There are 2 protein chains.
Amino acid sequence: MAEVKLSARQEAILKFIGEFIEENGYPPTIREIGKACKITSTSVVNYNLNKLEREGLINRDREVSRGLRLTAQRPSENMFRIPLVGRIVASEPVPVPSSDFKIFGDDEAIELTKDLVTPQEDLFALQVQGDSMVDAMIGDGDIVIMRPHKDVKNGDLVAVWLKDREETTLKRIYRENERIRLQPANPNMAPIYIENPAQVRVQGRVVAVLRKT
Amino acid sequence: MAEVKLSARQEAILKFIGEFIEENGYPPTIREIGKACKITSTSVVNYNLNKLEREGLINRDREVSRGLRLTAQRPSENMFRIPLVGRIVASEPVPVPSSDFKIFGDDEAIELTKDLVTPQEDLFALQVQGDSMVDAMIGDGDIVIMRPHKDVKNGDLVAVWLKDREETTLKRIYRENERIRLQPANPNMAPIYIENPAQVRVQGRVVAVLRKT
DNA sequence: TTATATCACGAACGTGCGTTCTAAGTCAAG
DNA sequence: CTTGACTTAGAACGCACGTTCGTGATATAA
């Protein structure tokens, strides 16, 4: 579409709407727009708003006072919440949230921006307890963002529960024929080889790690 | 303040306002609130809104249609940007942004929420290049949020430039009498002792670490 | 010239919407 | 019981606000 066709007036209106919403938390009325942009007639404002709507730059709800909003970047669009479901300890399996058990009382949640993580429905967060994962460059108190089980590819950093050792670790996983190789993130450390795939339970893929100091 | 004094109706109103704004981009009218919360009289809604305002939960602009907004987390309020000023390499000093050199063309910036970092004016971000800081639990590609120089306290995780070695590392710093102890985050590694304080240049304090996988 | 489209002005209409007033029901303290 | 604070209800007032209509100015094409 041609986005160049904006007259000076329409640009002024658009700019004013943005500033007004930012400042007041609600959109301006036609008359407020008119006063700010030195337009004496409400019908002129209305005319230009219709123009802007046809251009796709704003939405309007007719017959509704202040019934307009900018289509462009609504601020909250760039933010989302991830439930913080618990702690991850080396000696216990990861507490993966069951899908039917919805966390409603989500006072415990982390707010993130899309810069960090592309949002998906089933993401969840865990706080690491203990220094057992230093070899994965993850320390005590760090928060890991995870995505449950499915579609784990070779090379992904995953949380696995090792049945025989009875412990959880974070490692890169590689399926090699019959056996599984678990590669520590620290290149100085040797990999673990698991001959029997039934001995490992992949609990999720690590999507991101956050550390506050 | 007492936040417990909300009646069921007031909570319903508050919840509806939030949902309405989320959905429509502008606040509801008194009558819309009334219809949604099964309140037949506008004055009752008005009464409860005044209650909520006195409680500090909403703001109202009188004589203005839809003139109300939630005081709690206004979405954009909880977000801020940090300039991504460059890369941090072990073999070079940290590129601390000079205060008079304002980064205006900040296409390179990271959006964060206040959950992660308490916002301050002079924060900046660097992307780590290379595996030279694994002992600080920081890997290649990680992003460190930093705050320049001043008020570095014992135990802070800082970026230091070691003059004699000509390298940058991230370590916890401790001033011990005349000498300086640099303690790796990995507890298995031995500390570095610097006898001559002029040999180290503290370039900033690490506030947070982010890793995308 | 006429025709069509774009843009601006002012006024009037009808309703949306915040405000205010009167009245009444509930409940705990006296 | 009465009193008073709190909450709900209904109605009326009056301005706020989106809409529509008539008018006119300007510009480009036939």
Side-chain angles (χ1 to χ4, degrees), chain A residues 1-21 23-71, chain B residues 1-21 23-71:
Chain A
M1 252 302 186
E3 303 185 10
V4 249
K5 297 181 61 177
L6 292 187
S7 76
R9 248 190 184 156
Q10 285 156 14
E11 276 205 75
I13 291 175
L14 209 55
K15 183 178 162 213
F16 172 72
I17 293 175
E19 292 171 353
F20 191 97
I21 293 179
E23 186 166 341
N24 297 292
Y26 48 83
T29 66
I30 283 187
R31 276 168 245 262
E32 282 164 345
I33 296 172
K35 202 182 302 172
C37 301
K38 304 198 196 315
I39 302 173
T40 61
S41 171
T42 60
S43 63
V44 176
V45 178
N46 187 51
Y47 166 80
N48 284 294
L49 286 181
N50 284 329
K51 216 76 200 307
L52 289 173
E53 188 185 23
R54 202 168 307 128
E55 214 69 35
L57 294 168
I58 63 173
N59 288 336
R60 295 192 73 188
D61 288 358
R62 312 203 180 183
E63 320 242 351
V64 168
S65 69
R66 305 179 190 275
L68 57 95
R69 54 187 169 279
L70 299 176
T71 53
Chain B
M1 250 299 184
E3 303 185 10
V4 249
K5 297 182 62 179
L6 292 188
S7 75
R9 248 192 184 156
Q10 284 156 15
E11 277 203 76
I13 290 174
L14 211 54
K15 183 177 163 214
F16 172 71
I17 293 175
E19 292 171 353
F20 191 97
I21 293 178
E23 185 165 342
N24 297 293
Y26 49 82
T29 66
I30 283 187
R31 277 168 244 261
E32 283 164 344
I33 296 173
K35 201 182 301 170
C37 301
K38 305 198 196 313
I39 302 173
T40 62
S41 171
T42 61
S43 65
V44 176
V45 178
N46 186 52
Y47 167 80
N48 284 294
L49 287 180
N50 284 330
K51 216 81 201 304
L52 289 173
E53 187 186 24
R54 201 167 308 126
E55 215 69 34
L57 294 169
I58 63 174
N59 288 337
R60 297 192 71 188
D61 289 358
R62 309 200 184 186
E63 320 241 350
V64 168
S65 70
R66 305 179 189 274
L68 58 94
R69 52 188 169 281
L70 299 176
T71 53

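Below, read A as the first sequence line, B as the second, and so on, with proteins coming before strands; counting in each chain starts at 1. The figures here come from the full heavy-atom set of this structure, side chains too, leaving out hydrogens, waters and symmetry mates. Note that this is a predicted model, so its numbers are computed, not measured.
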_Rounded distance (nearest 0.5 Å) linking atom CD1 of Ile13(A) with atom CG of Leu57(A)_ = 11.5 Å

*Please check the phosphate of dC6(D) (OP1 and OP2 only) for any side-chain N or O of Asn48(B) closer than 4.0 Å.*
no

Might you list the N or O atoms of the protein lying below 3.5 Å from N or O atoms in nucleotides 14-18 of chain D, with each pair's distance?
from	atom 1	to	atom 2	distance (Å)
dC17(D)	OP1	Arg66(A)	NH2	2.9
dC17(D)	N1	Arg31(A)	NH2	3.3
dG18(D)	OP1	Arg66(A)	N	2.9
dG18(D)	OP2	Ile30(A)	N	2.8
dG18(D)	O3'	Glu63(A)	N	3.3
dG18(D)	N7	Arg31(A)	NH2	2.7
dG18(D)	O6	Arg31(A)	NH2	2.9

*asked:* Ignoring hydrogens, what is the shortest heavy-atom contact between Pro27(B) and Tyr26(A)? Give both atom names and the distance.
replied: CD-CB, 3.3 Å

*Can you list the residues that meet the side-chain contact (heavy atoms from CB on, under 4.5 Å) rule with Tyr47(A), with sequence neighbours excluded?*
Lys51(A)

*In whole angstrom, what separates Glu55(B)'s CD from dC6(D)'s P?*
12 Å

*Name all residues meeting the side-chain contact (heavy atoms from CB on, under 4.5 Å) criterion together with Ser41(A); count only those two or more places apart in sequence or in a different chain, and write none if there are none.*
Ser43(A), Val44(A)

*Search all heavy atoms of Ser65(B) against all heavy atoms of Ser65(A) and return the closest pair with its distance.*
OG-OG, 3.3 Å

*Shortest non-hydrogen separation from Leu14(A) to Leu70(A) and the atoms involved*: CD1-CD2, 4.1 Å

*Quick one: closest heavy-atom pair of Pro28(A) and Ile33(A), and the distance?*
CG-CG1, 3.7 Å

_Rounded to the nearest 0.5 Å, what separates atom OG1 in Thr42(A) from atom NZ in Lys35(A)?_
13.0 Å

*Can you list every salt bridge (charged side-chain N to carboxylate O under 4.0 Å, His left out) pair that touches residues 25-34 of chain A, not counting sequence neighbours?*
Glu32(A)-Arg66(A)

*asked:* From CG of Asn50(A) over to P of dC21(D), roughly how many Å is that when rounded to an integer?
replied: 14 Å

*For Asn59(B), what residues pass the side-chain contact (heavy atoms from CB on, under 4.5 Å) criterion, not counting sequence neighbours?*
Arg69(B), Thr71(B)

*Closer to the 5' end of DNA chain C via nearest nucleotide, is it Tyr47(A) or Ser41(B)?*
Tyr47(A)

_Once side-chain hydrogen bond (donor to acceptor under 3.5 Å, both in side chains) is applied, do any residues pair with Arg60(A), and if so which ones, sequence neighbours excluded?_
Asn46(A), Asn50(A)

Nucleotide N/O to protein N/O under 3.5 Å, stretch nucleotides 21-28 of chain C:
none

*What does the inter-axis angle of the helix from dT1(C)-dA30(D) to dG30(C)-dC1(D) come out as, five pairs per end, nearest 10 degrees?*
10°

*asked:* Is there a side-chain contact between Lys51(A) and the phosphate of dC7(C), meaning an N or O under 4.0 Å from OP1 or OP2?
replied: yes

*asked:* Measure OH/Tyr26(A) against P/dC17(C) and give the value in whole Å, please.
replied: 14 Å

*Does Arg9(B) place a side-chain N or O at less than 4.0 Å from the phosphate oxygens OP1/OP2 of dT7(D)?*
no

